[in-house]
Amino acid sequence: MAERRSALLKAPPVIVLPALGWFLWFLLVPLGIVVVYSFITKGIYGGVVFHFTGENYTRATDWIYLRIFWNSLKLASLTAISCLLIGYPMAYVMATSSARMRSALLMLVVIPFWTNFVVRAYAIKILFSELGPVNQIGMALGFIHEPVIFANTDFSVWLGMVTNYLPFMVLPLYVALEKFDFSLMEAARDLGAGSLDILMKILVPMTKAGIVTGLIFVFTPALGEFVIPDLLGGSKTMLIGSLVTEQFLKTRDWPFGAALSLILIVLVMGTLVIYLRVAYGAEKEAEGV
C-alpha cells in the first residue's frame, strides 16, 4: 500500500498533464523568451540583434524610468488603500444584511464584470467630461460656474482605477466578514469596549487575511495597468504598464520592453511574498485566538 502511494506521488495523474502542458507552453516558454530578449540588442529597423548585453537593465535604472516606477507604485498603492477604505464598509454591510438583501448586494458588486473593461473606462471619461453629467449637474445647482477639467489628470486615472478594481477588494473582504463571529463584537461591547477598539482590536485583526487578499488583488493588476492611464490620463500620465506597451508597439524596442516587463514581474512577485508572509501570520494569530 505504501509503495503504491509512493508511486502515485511520483507519477503525476493523467488529468494534470493537460494543465501542466498549458502551464509550460503558455507561461514558462513565453517567459523564457522574454528573459532572452531582455539581454539582447535592438536592431536598426526595429528588429533584434542577438548580441547579449545587460545594457537594457542598466538603462532601466535611469532617473526617468525610476520615477515612472515610483509613480506606478504610488498610484497602485493609493488605489489599493482607497478600495480598502471604500470596500470594507460595503463588505461589512453585505455580511450583516439579511440573506435576500445580501444576494442583491452581491449581484450589484458583480454586475460591473458583465461590462467590458474598456467600456467602463470610457464611461468614467464621459461622466466627468466638460459637457458630462457631473459638470452639468454641478453648474445647474450652482456649485461651480464653469466646467471643471477632469480629463487627462491624475484624479481621473485614480478614479478609473478605483471604480474598476473595487469589486476585487469587496469580494475577498465579504468572504472574510461572512465567516466572522459577530457575537464577539457584542461581547466586547458588554465588557465596555468602544467602537474604535472593537474595529481595530477585534474586527480588523480577525479579517486580516481578507484585507491582505483584497490589497493584493487590487495592487497587482493596478501596478501594470495601461488601458486606464491611456484612456483617462492621456499623454500626461506615464506609468510602467504604458511604458512597456509603448516600447513594444510604438518605439519597437523589444529588448528594453522585455527588461521592463521582468522588473515589473519581480515587483509583483515581491508583493506576493509579502502577502504570503502576512497571510500566514494572520492564520497563526487566528489559530491562537
Side-chain angles (χ1 to χ4, degrees), residues 8-43 46-57 59-61 65 68-69 72-73 75-77 79-80 83 113 116-118 120-121 161 164-165 167-169 171-172 175 209-210 212-230 239-280:
L8 289 174
L9 291 176
K10 291 181 180 179
V14 178
I15 195 173
V16 180
L17 293 179
L20 183 61
W22 182 279
F23 176 78
L24 292 173
W25 185 252
F26 291 103
L27 181 63
L28 293 185
V29 172
L31 184 60
I33 295 174
V34 172
V35 172
V36 172
Y37 266 63
S38 69
F39 286 100
I40 59 180
T41 308
K42 175 187 176 183
V48 293
V49 177
F50 284 88
H51 173 68
F52 289 89
T53 177
E55 182 181 353
N56 296 313
Y57 291 97
R59 180 182 170 191
T61 60
Y65 303 116
I68 293 175
F69 273 108
S72 301
L73 286 168
L75 181 59
S77 301
T79 300
C83 288
F113 290 111
N116 185 272
F117 187 83
V118 178
R120 298 202 302 267
M161 291 275 214
N164 281 280
Y165 289 120
F168 292 96
M169 177 64 72
L171 293 177
V175 172
V212 175
T213 302
L215 289 174
I216 294 298
F217 281 1
V218 174
F219 177 84
T220 302
L223 184 60
E225 180 59 53
F226 68 93
V227 175
I228 293 177
D230 187 56
L239 300 178
I240 181 60
S242 304
L243 181 61
V244 172
T245 305
E246 186 177 81
Q247 298 303 314
F248 278 100
L249 300 182
K250 294 182 180 180
T251 62
R252 297 189 61 82
D253 192 350
W254 289 19
F256 185 54
L260 292 173
S261 301
L262 288 176
I263 294 173
L264 181 60
I265 290 174
V266 170
L267 288 176
V268 172
M269 290 181 63
T271 60
L272 291 177
V273 170
I274 296 174
Y275 157 71
L276 291 175
R277 290 186 176 181
V278 174
Y280 180 76

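In this structure the side chain of P221 never reaches within 4.5 angstrom of the side chain of F168, judged on heavy atoms. Using a 4.5 Å cut-off on side-chain heavy atoms (C-beta onward), L267 and I240 make no contact. At a threshold of 4.5 Å between non-hydrogen side-chain atoms, the residues F69 and I263 count as touching. In this structure, the side chains of F226 and D230 stay at 4.5 Å or more apart for every pair of heavy atoms.
Contact record, A80 with L215: O-CD2, 3.7 Å, taken as the closest heavy-atom pair. In plain terms, the two heavy atoms of N116 and V118 that are nearest each other are OD1-N, 2.8 Å. What you find for S38 and V35 is that their closest heavy atoms are OG-O, 2.6 Å. Across F256 and Q247, no two heavy atoms sit closer than the pair CD2-OE1, 3.4 Å. Minimum interatomic distance between C83 and V218 (heavy atoms only, all atoms of both residues): SG-CG1, 4.1 Å. When all heavy atoms are compared, the tightest approach of Y65 to A60 is CB-O, 3.6 Å.
Residue L17 holds its CG atom at 10.5 Å from CG of L24, rounded to the nearest 0.5 Å. To the nearest 0.5 Å, atom CD1 of residue I228 and atom CG of residue N164 are 4.0 Å apart. We find the CD1-CG distance between I265 and L223 to be 11.5 Å, quoted to the nearest 0.5 Å. The NZ atom of K42 sits 12.0 Å away from the CH2 atom of W254 when rounded to the nearest 0.5 Å. Distance CG/L262 to CZ/F39: 7.5 Å, rounded to 0.5 Å. Here the CG atom belonging to L243 is positioned 11.0 Å from the NZ atom belonging to K250, to the nearest 0.5 angstrom.
Using modelled atom types, no side-chain atom of N56 and backbone atom of T41 make a donor-acceptor pair closer than 3.5 Å.
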Pairs under 3.5 angstrom only: tabulate donor-acceptor contacts from the side chains of residues 46-53 to other protein residues two or more places apart or in another chain.
{"from": "T53", "atom 1": "OG1", "to": "E55", "atom 2": "N", "distance (Å)": "3.2"}

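Sorted by first and then second residue, the salt bridge (Lys or Arg N to Asp or Glu O under 4.0 Å) pairs involving residues 251-276 (not counting sequence neighbours) are R59-D253.
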**Item:** Steps toward side chain to side chain contact (heavy atoms under 4.5 Å, CB included) verdict (Y165, F219)
**Value:** CA-CA 9 Å; Y165 289 120; F219 177 84; over 6 Å; no
